[in-house]
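Counting convention: from 1, in listed order, for ligands and their atoms alike. Bear in mind that the values here come from a model prediction, so they are computed numbers and not experimental data.
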Amino acid sequence: MSQRQWIAVDEYFTGALIDTDTDGDTDTDNALHAALAASDAAGLPAIAVSPAQGKLLNLLASLINARHILEIGTLAGYSAIWLARALPPDGRLITLESELRHAEVARTNIAKAGLADLVEVRLGPALDTLPQLEQERSSGRAQPFDLVFIDADKEHNADYFAAGVRLTRPGGLIIVDNVVRGGAVLDAGSDNSTVQGTRRLIDTISADPSVSATAIQTVGVKGYDGFVMALVKAP
Ligand code: SAH
Ligand code: DHB
Ligand code: MG
């Protein structure tokens, strides 16, 4: 099994099931393609979730009737658009981004997708903006999240996950991207900080009785990688 085959199969399913989605009208589907084109044109890295992964996030948000979604790591807003499209008209997605340029490109893409009223891009390192969200939550100014998607710097994934648990309602879902990285996650002695960050994340989850989690390996246009998915249990 080769990377070429993974890509061909991913593109087959994407062409058949996603680009032709009869639920989405042409304008909104163009918005997803336009977001990637604008991201490339602005020189942002091509590391957004794949179309099939974006659709999965969209379906999961729909399945749990998510009304409040948190994303950590916006980039150009591609995954945010997929997630926000699952929201009802009075829903809200807050997405955290540390790079001004990324946040600007994302805000433009999100507005062009017709989602500006549902999505807030918050600028700043997530280690600063997450405590703000926790304050808003504990003072009753903000609702708990139904779904959290963690996809920023992997070094802080354990901290992001812990904050995500505190900010998520019982029955809510936390998803973390890029936990496999070609199998590198297996290397306990790795000097790669992202591998160590992922392994700290897994240790954190495994020691947390308030969540029930799994990990799913994936192949496709983004190579060999995977997601962690965790259900926040009732207290
Ligand atoms: N979720 C996006 C991809 C995110 S790429 C998508 O699939 O479309 C990771 C993003 O996290 C980058 O834009 C990067 O600037 C941002 N990031 C990195 N470190 C961060 C931090 N400490 N706080 C917030 N965002 C961060
Ligand atoms: C890469 C991919 C990602 O999905 C991400 O969030 C960060 C980096 C990468 O392929 O380098
Ligand atoms: Mg990612």
Notebook entry, point to check: With the Mg ion (ligand 3) at the apex, how many degrees lie between OD1 of Asn178 and OD1 of Asp151, rounded to 10 degrees?
Noted result: 90°

Check: Is there a path of hydrophobic side-chain contacts, each under 4.5 Å between heavy atoms of I, L, V, M, F, W or Y residues, that connects Leu115 with Leu83?
Finding: yes

Check: Same cluster or not: are Ile216 and Leu56 linked, directly or through other Ile, Leu, Val, Met, Phe, Trp or Tyr residues, by side-chain heavy atoms under 4.5 angstrom apart?
Finding: no

Margin query: Heavy-atom distances under 4.0 Å decide this one: backbone, side chain, both or neither, for Tyr160 against ligand 1?
Written below: side chain

Checklist line | Taking every non-hydrogen atom, the tightest pair across Ile81 and Ala35 | finding: CD1-CB, 4.0 Å

Next item on the list: Among all protein heavy atoms, pick out the one at the shortest distance from atom 2 (C) of ligand 1; state its residue, atom name and that distance to 0.1 Å.
Entry: Ser79 OG, 3.3 Å

Next item on the list: Using distance alone, decide if ligand 1 has a nitrogen or oxygen within less than 3.5 Å of any nitrogen or oxygen in Ala152.
Entry: no

Margin query: Only heavy atoms of Ala48, strictly under 4.0 Å: list the atoms of ligand 1 that pass.
Written below: 6 (C), 7 (O), 8 (O)

Note to self: Restricting to N, O or S atoms, which atom of Asp177 is closest to the Mg ion (ligand 3)?
What the structure shows: OD2

Check: Does Ser212 use its side chain to pair, donor to acceptor, with the backbone of Leu231 at less than 3.5 Å?
Finding: no

Margin query: If we set the cut-off at 4.0 Å for heavy atoms, which region of Thr74 has an atom near ligand 1: side chain, backbone, both, or neither?
Written below: backbone

Check: If Ile, Leu, Val, Met, Phe, Trp and Tyr residues are connected whenever their side-chain heavy atoms lie under 4.5 Å apart, and connections chain through other members, are Leu133 and Phe161 in the same group?
Finding: yes

Margin query: Out of all atoms in ligand 1, which are within 4.0 Å of some heavy atom of Leu75? Include the element for each.
Written below: 2 (C), 3 (C), 4 (C), 5 (S), 13 (O)

Margin query: If the cut-off is 4.0 Å to any non-hydrogen atom of Glu71, which atoms of ligand 1 fall inside it?
Written below: 1 (N)

Next item on the list: Could you tell me whether the side chain of Lys112 and the main chain of Arg107 form a donor-acceptor pair under 3.5 Å?
Entry: no

Next item on the list: Indicate whether the side chain of Asn192 and that of Ser190 have a donor and an acceptor atom separated by less than 3.5 Å.
Entry: no

Notebook entry, point to check: Is ligand 2 under 4.0 Å from a heavy atom in the side chain of Gln53, in the backbone, in both, or in neither?
Noted result: neither

Next item on the list: Return yes if a side-chain donor-acceptor contact under 3.5 Å exists between Thr95 and Glu120, otherwise no.
Entry: no

Note to self: Which residue and atom name correspond to the protein heavy atom nearest atom 9 (C) of ligand 1, and how close is it?
What the structure shows: Asp151 O, 3.2 Å

Notebook entry, point to check: Does the side chain of Ser2 pick up a donor-acceptor pair with the side chain of Arg4 at under 3.5 Å?
Noted result: no

Margin query: Give me the residue, atom name and distance of the protein heavy atom closest to atom 23 (N) of ligand 1.
Written below: Ala126 N, 2.9 Å

Notebook entry, point to check: Got the closest protein heavy atom to atom 7 (C) of ligand 2, with its distance?
Noted result: Ile47 CD1, 3.6 Å

Check: Do we see a donor-acceptor contact under 3.5 Å between the side chains of His156 and Asp153?
Finding: yes

Checklist line | atom 4 (O) of ligand 2: nearest protein contact (heavy atom, Å) | finding: Lys222 NZ, 2.5 Å

Check: How close does the nearest protein non-hydrogen atom get to atom 11 (O) of ligand 2, and which residue and atom is it?
Finding: Arg181 NH2, 3.1 Å

Next item on the list: Check for a donor-acceptor pair, side chain of Ser50 on one end and backbone N or O of Val221 on the other, with a separation under 3.5 Å.
Entry: no

Notebook entry, point to check: Considering only protein heavy atoms, which is closest to atom 14 (C) of ligand 1, and at what distance to one decimal place?
Noted result: Glu97 OE2, 3.5 Å

Notebook entry, point to check: For atom 24 (C) of ligand 1, what's the nearest protein heavy atom and its distance?
Noted result: Ser98 N, 3.4 Å

Next item on the list: Name the orientation class of the two ring planes belonging to Trp82 and Tyr78 (parallel below 30°, tilted from 30 to 60°, perpendicular beyond 60°).
Entry: perpendicular

Note to self: Show the atoms of ligand 2 that are less than 4.0 angstrom away from any heavy atom in Asn178.
What the structure shows: 2 (C), 3 (C), 4 (O), 5 (C), 6 (O)

Margin query: What protein heavy atom lies closest to atom 7 (O) of ligand 1? Include the residue and the distance to one decimal.
Written below: Val49 N, 2.9 Å

Margin query: Quick one, Val119 and Arg92 - any side-chain contact, counting heavy atoms below 4.5 Å?
Written below: no

Next item on the list: Please could you name the atoms of ligand 2 that Asp177 approaches to less than 4.0 Å, counting only its heavy atoms?
Entry: 4 (O)

Item checked: Protein heavy atom at shortest distance from atom 21 (C) of ligand 1 -> Asp153 OD1, 3.4 Å

Next item on the list: Around atom 5 (S) of ligand 1, find the nearest protein heavy atom and jot down its residue, atom name and distance.
Entry: Ile47 CD1, 3.7 Å

Item checked: Over 12 foreign heavy atoms within 6.0 Å of CG, Asp117 -> no

Notebook entry, point to check: Can you list the ligand 1 atoms lying under 4.0 Å from a non-hydrogen atom of Pro125?
Noted result: 23 (N)

